[in-house]
J.: 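This structure is in structure tokens; I'll ask about it shortly.
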Protein chains: 2
Amino acid sequence: MDTTRLDGDVCTVHEIDPEAVKYAKEHALPARNIERLSRLFSALSDPTRLRILHALTISKELCVCDLAIVVDLSVSAVSHQLRLLRDRDLVRARRDGRMVHYSLADEHVRHLMDTGVVHANEG
Amino acid sequence: MDTTRLDGDVCTVHEIDPEAVKYAKEHALPARNIERLSRLFSALSDPTRLRILHALTISKELCVCDLAIVVDLSVSAVSHQLRLLRDRDLVRARRDGRMVHYSLADEHVRHLMDTGVVHANEG
DNA sequence: TATCCATGTGAGCATTCTTTCAGATTTGGA
DNA sequence: TCCAAATCTGAAAGAATGCTCACATGGATA
């Protein structure tokens with residue numbers, strides 16, 4: 001694994017603070033963790049999905065149709081987003097007849113949103 | 001503000017659970033909060049930015065050039081991302097001569113990342 | 001079986017994002 | 001002043017994203 005880039009847009013000679021660079025490189029998160037983190041935060045980065053998740057934090061369970069009404073979007077749009085949230089393990093689906101009820105997968109999601117809210121409302 | 005959509009892709013008749021829908025709508029987060037949350041998580045949703053932020057959690061301060069080496073991308077790419085992180089108040093810049101040292105804006109960022117890591121590594 | 005209804009899915013379009021490239025800006029020093 | 005170094009910036013290409021539309025699927029009921 002090479003550490004220096006070949007093209008000309010990088011520090012011309014070498015690092016400014018080799019110690020810090022070395023330390024940061026050695027303690028960097030593994031690619032897989034970065035990937036997981038990225039996918040998690042990506043799932044939380046869309047207004048529609050945030051509204052869906054928030055609705056599920058206050059109403060324990062909601063079907064696709066009701067969620068569509070709450071967020072005021074087409075059922076199809078909501079279904080697409082729910083699939084993404086399901087794939088990322090943020091929500092869980094419970095089938096009941098021809099309806100599917102969605103709920104938060106676990107308390108981590110709620111905690112993440114709460115933490116985010118705290119940060120976002122301090123600027 | 002009307003609550004029912006006019007096109008044909010929504011629940012044909014009316015809500016399945018009107019109580020839950022009403023409750024979720026009344027307690028929905030204001031648009032401004034959703035917007036802020038979305039922008040915050042968006043900032044955390046990109047692998048490059050996550051690696052930059054993580055580097056800053058372990059090395060208190062790093063200049064653009066060193067950050068570029070750590071994440072193995074062009075200085076320009078890193079500079080673009082740093083601008084975004086600065087605009088979103090996730091990092092802070094300190095000028096020192098012709099160099100600019102970046103650091104985390106506050107402890108919230110670290111906490112958010114930690115929370116994310118915990119969640120992401122439990123699947 | 002036939003039909004309806006809630007949900008799931010694929011294609012397509014418009015928009016946004018991330019990076020590269022080329023060049024501008026700012027600072028320090030000869 | 002003049003140049004080099006570190007950073008910033010705008011434009012543009014390629015990828016990714018979110019929605020709509022049309023249709024498929026699966027379960028309930030007649």
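Heavy-atom basis, side chains included; hydrogens, waters and symmetry copies ignored. Each chain gets a letter, A, B and so on, in the order its sequence line appears, and its residues count up from 1.
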J.: Please report, rounded to the nearest Å, how far the P atom of D:dC8 is from the CG atom of B:Leu67.
T.: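 Going from CG in B:Leu67 over to P in D:dC8 covers 11 Å.
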J.: Take atom CD in B:Glu26; do more than 12 heavy atoms of anything else shown fall under 6.0 Å from it?
T.: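 Yes, CD of B:Glu26 has more than 12 neighbouring heavy atoms, counting only those of other groups under 6.0 Å.
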J.: Does a salt bridge link A:Arg110 with A:Glu107, judged by any charged N lying under 4.0 Å from a carboxylate O?
T.: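 Yes, this pair counts.
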J.: Do A:Lys60 and A:Ser103 have side chains that get closer than 4.5 Å, going by heavy atoms?
T.: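 In short, these two side chains do not touch, never coming nearer than 4.5 Å.
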J.: Ignoring the backbone of A:Gln81, work out which of D:dC19, D:dC8, C:dT7 is nearest its side chain.
T.: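 Taking heavy atoms from C-beta onward, the closest nucleotide is D:dC19.
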J.: On DNA chain C, check which nucleotide each of B:Val78 and A:Leu82 is closest to and give me the residue with the more 5' one.
T.: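 Closest to the 5' end, via its nearest nucleotide, is A:Leu82.
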J.: Between D:dC19 and A:Thr48, is there an OP1 or OP2 to side-chain N/O distance shorter than 4.0 Å?
T.: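 So the side-chain polar atoms of A:Thr48 do come within 4.0 Å of the phosphate oxygens OP1 or OP2 of D:dC19, strictly under.
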J.: Could you state the atom-to-atom distance from CZ of B:Arg49 to C1' of C:dT16 in whole Å?
T.: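 From B:Arg49 CZ to C:dT16 C1': 12 Å.
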J.: Clusters formed by hydrophobic residues whose side-chain heavy atoms approach within less than 4.5 Å: which one holds B:Ile58, and what are its other members?
T.: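 Via sub-4.5 Å side-chain contacts, B:Ile58 links to A:Tyr23.
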J.: Could a donor-acceptor pair under 3.5 angstrom be found where the side chain of B:Ser79 meets the base of D:dT9?
T.: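 Side chain to base: no pair present.
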J.: Over how many whole Å does the gap from B:Asp87 atom CG to C:dT18 atom P extend?
T.: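 So the two atoms are 13 Å apart, to the nearest Å.
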J.: What is the distance, to the nearest angstrom, from the CD atom on B:Glu61 to the P atom on D:dT7?
T.: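 In whole Å, D:dT7 P lies 12 Å from B:Glu61 CD.
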J.: Check the phosphate of C:dT9 against A:Arg83, side-chain N and O only, distance under 4.0 Å to OP1 or OP2. Yes or no?
T.: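 Yes, A:Arg83 has a side-chain N/O under 4.0 Å of OP1/OP2 on C:dT9.
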J.: Rounded to whole Å, please give me the gap between CG in A:Leu73 and C1' in D:dT17.
T.: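 Atom CG in A:Leu73 sits about 14 Å away from atom C1' in D:dT17.
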J.: Report yes if some heavy atom in the side chain of B:Leu62 is under 4.5 Å from a heavy atom in the side chain of B:Tyr102; otherwise report no.
T.: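 Counting from C-beta outward, B:Leu62 and B:Tyr102 never come under 4.5 Å.
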J.: Is the shortest side-chain N/O distance from A:Ser74 to OP1 or OP2 of D:dT20 below 4.0 Å?
T.: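 For D:dT20, OP1 or OP2 has a side-chain N or O of A:Ser74 closer than 4.0 Å.
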J.: Grab the CD1-P distance between B:Ile16 and C:dT7 for me, whole Å please.
T.: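 For the pair B:Ile16 CD1 and C:dT7 P, the rounded distance is 6 Å.
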J.: Quick one, A:Met99 and B:Ile16 - any side-chain contact, counting heavy atoms below 4.5 Å?
T.: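 A:Met99 vs B:Ile16: side chains touch.
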J.: From CZ of B:Arg86 over to C1' of D:dT7, roughly how many Å is that when rounded to an integer?
T.: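 In whole Å, D:dT7 C1' lies 10 Å from B:Arg86 CZ.
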J.: OP1 or OP2 of D:dA6 sitting under 4.0 Å from any side-chain N/O of B:Tyr102?
T.: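 B:Tyr102 to D:dA6 OP1/OP2: no side-chain N or O under 4.0 Å.
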J.: Select one nucleotide: of D:dT7, D:dA22, C:dT18, the one nearest the side-chain heavy atoms of A:Ser76.
T.: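 Closest nucleotide among those given: D:dA22.
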J.: Using a cut-off of strictly less than 4.0 Å between a heavy atom of the residue and any atom of DNA chain C, enumerate the qualifying residues of residues 40-47 of chain A by number.
T.: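 None, since no heavy atom is under 4.0 Å.
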J.: Side chain of A:Leu84: nearest nucleotide among D:dG18, D:dA22, D:dT7?
T.: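 Of D:dG18, D:dA22, D:dT7, D:dG18 is nearest to the side chain of A:Leu84.
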J.: To the nearest angstrom, how far is B:Met99 atom CE from D:dA4 atom C1'?
T.: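 These atoms are roughly 14 Å apart.
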J.: Determine whether B:Arg36 and A:Asn121 make a side-chain contact, defined as any pair of heavy atoms from C-beta on separated by less than 4.5 Å.
T.: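 Touching, per the 4.5 Å side-chain cut-off.
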J.: Are A:Leu85 and A:Val100 grouped together when hydrophobic residues (ILVMFWY) are joined by side-chain heavy atoms under 4.5 angstrom apart?
T.: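 The answer is yes; both residues are in one hydrophobic cluster.
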J.: Rounded to the nearest 0.5 Å, how far apart are CZ of A:Arg51 and OG of B:Ser38?
T.: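 OG of B:Ser38 is found 11.0 Å from CZ of A:Arg51.
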J.: Identify all pairs in which a protein N or O lies below 3.5 Å from an N or O of nucleotides 27-30 of chain C, and state each distance.
T.:
none

J.: Are the side chains of A:Leu112 and A:Leu40 in contact, using a 4.5 Å heavy-atom criterion?
T.: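 SC-SC contact between A:Leu40 and A:Leu112 confirmed.
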J.: Between D:dA6, C:dG8, C:dT19, spot the one nearest the side chain of A:Val64, thanks.
T.: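 Nucleotide nearest to A:Val64's side chain: C:dG8.
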J.: I'd like to check, for A:His80, whether its ring lies over the base of C:dT9 with centroids under 5.5 Å apart and a plane angle smaller than 30°.
T.: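 One would call A:His80 stacked on the C:dT9 base.
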